[in-house]
Amino acid sequence: MTGTLAVAGLGPGDEDMVTPEVRAALAAATDVIGYFPYVARVAPREGLTLHGSDNRVEIDRADLSLTLAAEGAKVVIVSSGDPGVFAMASALFEALEKRPDLHGLDIKILPGITAMLAAAAHAGAPLGHDFCAINLSDNLKPWELVEHRLRLAAQADFAMGFYNPRSASRPHQFARALEILREECGPDRLITFARAVTTPEERITTVTLAEATPEMADMRTVVLVGNSATRRVGAWVYTPRSA
């Protein structure tokens, strides 16, 4: 008997931002798989097995989910935000590519509200025109590539959203990212630090690049950088649609 497999986005933190589609998948699941903090957001119940694991074993999680679904389980892999944005949907397909016998599995990707979009909404509309998202972590790509993409995005005058800006193991890299932004965008460009968006610990801070410091960001922070037309209006930040 073949089961089902869904990859679900739990949104940025507030349970009210979990979509009805994801809630229905979780209610029907026999197995939920994911990073420990995300699995902890799913309430235990009879008939449900929770499989929490460490942050850097994405392919192991994907393989387990494929195996369980092939055996008949109703599996949901959980990610924060949207599963297709620097998350588990891509890891699942990477694992599936190596298991052609399972290419016929019933797989669904269930979208969620990303931290980047939730942060932008709480700040105003800083991503109101063309924008790009860049993961500043070098766990899966060399830092030189991060710098290259960052510089080109700034030169193209995109608004930008940054994930994983600064961690305890690589505190110096975000300082370098700020240097590049100042070189390419100048000191007056607006930058927003959105920490723990939609949770009780939320903090939204907008400053200029000249005022920004590396310590304003950590792994719970999404960083938004405006384009050359981004400006303030009262307490809000927005990028005009004609920018």
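Residues M160 and L150 meet the side-chain proximity criterion, which asks for heavy atoms closer than 4.5 Å. For the pair R41 and E15, the minimum side-chain heavy-atom distance is below 4.5 Å. Contact annotation: the side chain of V225 approaches that of R189 to within less than 4.5 Å [non-hydrogen atoms, C-beta and beyond]. When side chains are defined from C-beta on, V146 does not count as touching Q173, because their heavy atoms never get closer than 4.5 Å. Using a 4.5 Å heavy-atom cutoff, the side chains of L10 and L26 are in contact. The shortest distance between side-chain heavy atoms of V207 and I191 falls below 4.5 Å. L92 has its side chain within reach of L66: a pair of non-hydrogen atoms, C-beta onward, lies under 4.5 Å apart. Between M17 and T198 there is a side-chain heavy-atom pair separated by less than 4.5 Å.
When the side chains of ILVMFWY residues are joined at heavy-atom separations under 4.5 Å, either directly or via intervening members, L110 and V39 end up in a single hydrophobic cluster. Linking ILVMFWY side-chain heavy atoms closer than 4.5 Å, directly or via other members, places V7 and L102 in a single hydrophobic cluster. Linking Ile, Leu, Val, Met, Phe, Trp and Tyr whenever their side-chain heavy atoms come within less than 4.5 Å leaves L136 and M116 in two separate clusters. Hydrophobic clustering, with ILVMFWY side chains joined whenever heavy atoms are under 4.5 angstrom apart, groups L64 together with L105. A continuous path of ILVMFWY side-chain contacts below 4.5 Å connects F193 to L181, so both sit in one hydrophobic cluster.
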TODO: Could you please spell out the steps behind the salt bridge (charged side-chain N to carboxylate O under 4.0 Å, His left out) verdict for D63 and K98?
DONE: CA-CA 10 Å; D63 279 327; K98 300 173 183 176; over 6 Å; no
Open item on the list: Run the side chain to side chain contact (heavy atoms under 4.5 Å, CB included) test on T4 and K108 for me, step by step, so that the C-alpha distance in whole Å, both residues' side-chain angles and the decisive distance to 0.1 Å come before the verdict.
Closed with: CA-CA 8 Å; T4 61; K108 292 183 173 63; over 6 Å; no
Task: E147 vs I180, side chain to side chain contact (heavy atoms under 4.5 Å, CB included): CA-CA, chis, key distance, verdict - done: CA-CA 8 Å; E147 287 197 12; I180 292 171; 3.7 Å; yes
TODO: May I have the step-by-step check of side chain to side chain contact (heavy atoms under 4.5 Å, CB included) for T221 and M216, ending in yes or no?
DONE: CA-CA 8 Å; T221 305; M216 290 179 173; over 6 Å; no
- [ ] Report the C-alpha distance between T49 and L68 in whole Å, list the side-chain angles of each, state the deciding distance to 0.1 Å, and finish with yes or no for side chain to side chain contact (heavy atoms under 4.5 Å, CB included).
- [x] CA-CA 11 Å; T49 302; L68 290 174; over 6 Å; no
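To the nearest 0.5 angstrom, Y35 atom OH is 13.5 Å from M88 atom CE. The CD atom of E211 sits 10.5 Å away from the OG1 atom of T213 when rounded to the nearest 0.5 Å. Distance check, rounded to the nearest 0.5 Å: NE2 of H51 to CG of D60 gives 14.0 Å. Atoms CE and CG, from M219 and N55 in turn, are 7.0 Å apart once rounded to the nearest 0.5 Å. Rounded to the nearest 0.5 angstrom, L224 CG and T206 OG1 are separated by 8.0 Å. Atom CG of residue L152 and atom CD1 of residue I134 lie 9.0 Å apart, to the nearest 0.5 angstrom.
Contact detail for A73 and T30: the closest heavy-atom pair is CB-OG1, 3.4 Å. Listed here is the closest heavy atom pair of P83 and P111: CD-CA, 4.2 Å. A pairwise comparison of heavy atoms in L117 and T114 identifies N-OG1, 2.9 Å as the closest pair. Listed here is the closest heavy atom pair of T208 and P187: CB-O, 3.4 Å. For the residue pair A29 and V76, the shortest heavy atom distance occurs at CB-CG2, 3.7 Å. Minimum heavy-atom separation, A229 to N227: N-OD1, 2.8 Å.
Within the structure, ring-ring contact (aromatic ring centres under 6.0 Å, His included) pairs that include any residue of residues 134-159 do not occur (at least two apart or interchain). Pairs passing the side chain to side chain donor-acceptor pair (under 3.5 Å) check and including a residue from residues 73-94, sequence neighbours excluded, read Y38-S80. For residues 70-128, every residue pair satisfying the ring-ring contact (aromatic ring centres under 6.0 Å, His included) rule, not counting sequence neighbours, is listed here: F86-Y163.
For E21 and T19, the side-chain atoms include no donor-acceptor pair closer than 3.5 Å. Using modelled atom types, one finds a donor on one side chain and an acceptor on the other under 3.5 Å when comparing N164 with N135.
A salt bridge links E183 to R151: one of the charged nitrogens lies within less than 4.0 Å of a carboxylate oxygen. For the pair E179 and R182, the salt-bridge criterion is not met [side-chain N within less than 4.0 Å of a carboxylate O].
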Enumerate, atom names and distances included, each donor-acceptor pair closer than 3.5 Å involving a side-chain atom of residues 236-243, sequence neighbours excluded.
| unit_1 | atom_1 | unit_2 | atom_2 | d |
| --- | --- | --- | --- | --- |
| Y238 | OH | R231 | NH2 | 3.2 |
| T239 | OG1 | P126 | O | 2.7 |
| T239 | OG1 | T230 | OG1 | 2.6 |

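Residues passing the side-chain hydrogen bond (donor to acceptor under 3.5 Å, both in side chains) test with S53, sequence neighbours excluded: R61. The side-chain contact (heavy atoms from CB on, under 4.5 Å) search around R203 returns R195, T205, not counting sequence neighbours.
In this structure, E97 places its CD atom where only 12 or fewer heavy-atom neighbours from other residues, nucleotides or ligands lie under 6.0 Å away. The environment of CG in L140 is sparse: at most 12 heavy-atom neighbours from other residues, nucleotides or ligands sit within 6.0 Å. Remark: R45 CZ is packed, more than 12 non-hydrogen atoms of other residues, nucleotides or ligands lying under 6.0 Å away.
For the pair D157 (side chain) and S228 (backbone), a donor-acceptor distance under 3.5 Å is present.
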